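Read the structure below first, then the notes.
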Amino acid sequence: MKVQKYIREDGSNPYQKWFDSLNAVAAAKVTVAKARLELGLLSNMKWFSGIGEYRIDWGPGYRIYLAREGTS
């Protein structure tokens, strides 16, 4: 699976802004989750009407939301 960050028309990156605000441990948890997604390990993923929610059950509970492009 190829994971790409969403970049707005004005060049801003909401994911990066959020990621940069995390403490070191939370950032590591998110980095591991992203690596798992890129490897196709989707055990914590649920899909709802084309939107994916990846759950990180740690601390306050983090979520990474994804959209699927194409049919593959």
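The structure displayed is predicted, hence computed values, not measured ones.
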Using the rule that two of Ile, Leu, Val, Met, Phe, Trp, Tyr join whenever any of their side-chain heavy atoms come within less than 4.5 Å, decide whether I7 and L66 are in one cluster. no
Does the side chain of K17 come within less than 4.5 Å of S12's, by heavy atoms? no
What distance separates Y15 OH from K34 NZ, expressed to the nearest 0.5 Å? 5.5 Å
Quiz: residues 21-31 side-chain donor-acceptor pairs under 3.5 angstrom, not counting sequence neighbours:
{"from": "S21", "atom 1": "OG", "to": "W18", "atom 2": "O", "distance (Å)": "2.6"}
{"from": "N23", "atom 1": "OD1", "to": "V25", "atom 2": "N", "distance (Å)": "3.0"}
{"from": "N23", "atom 1": "OD1", "to": "A26", "atom 2": "N", "distance (Å)": "2.8"}
{"from": "T31", "atom 1": "OG1", "to": "A27", "atom 2": "O", "distance (Å)": "2.8"}

Look up atom OH in Y65 and atom CD1 in I51, then write down how far apart they are to the nearest 0.5 Å. 10.0 Å
Run the numbers on N13 and Y6 for side chain to side chain contact (heavy atoms under 4.5 Å, CB included), then give the verdict. CA-CA 6 Å; N13 182 332; Y6 172 70; over 6 Å; no
Which residues share a salt bridge (charged side-chain N to carboxylate O under 4.0 Å, His left out) with R63, sequence neighbours left out: E53
Taking only distance into account, with no hydrogens and no angle test, what donor-acceptor pairs under 3.5 Å do side-chain atoms of residues 40-47 form with protein atoms, sequence neighbours excluded?
{"from": "S43", "atom 1": "OG", "to": "R36", "atom 2": "NH2", "distance (Å)": "3.2"}
{"from": "N44", "atom 1": "ND2", "to": "R55", "atom 2": "O", "distance (Å)": "3.3"}

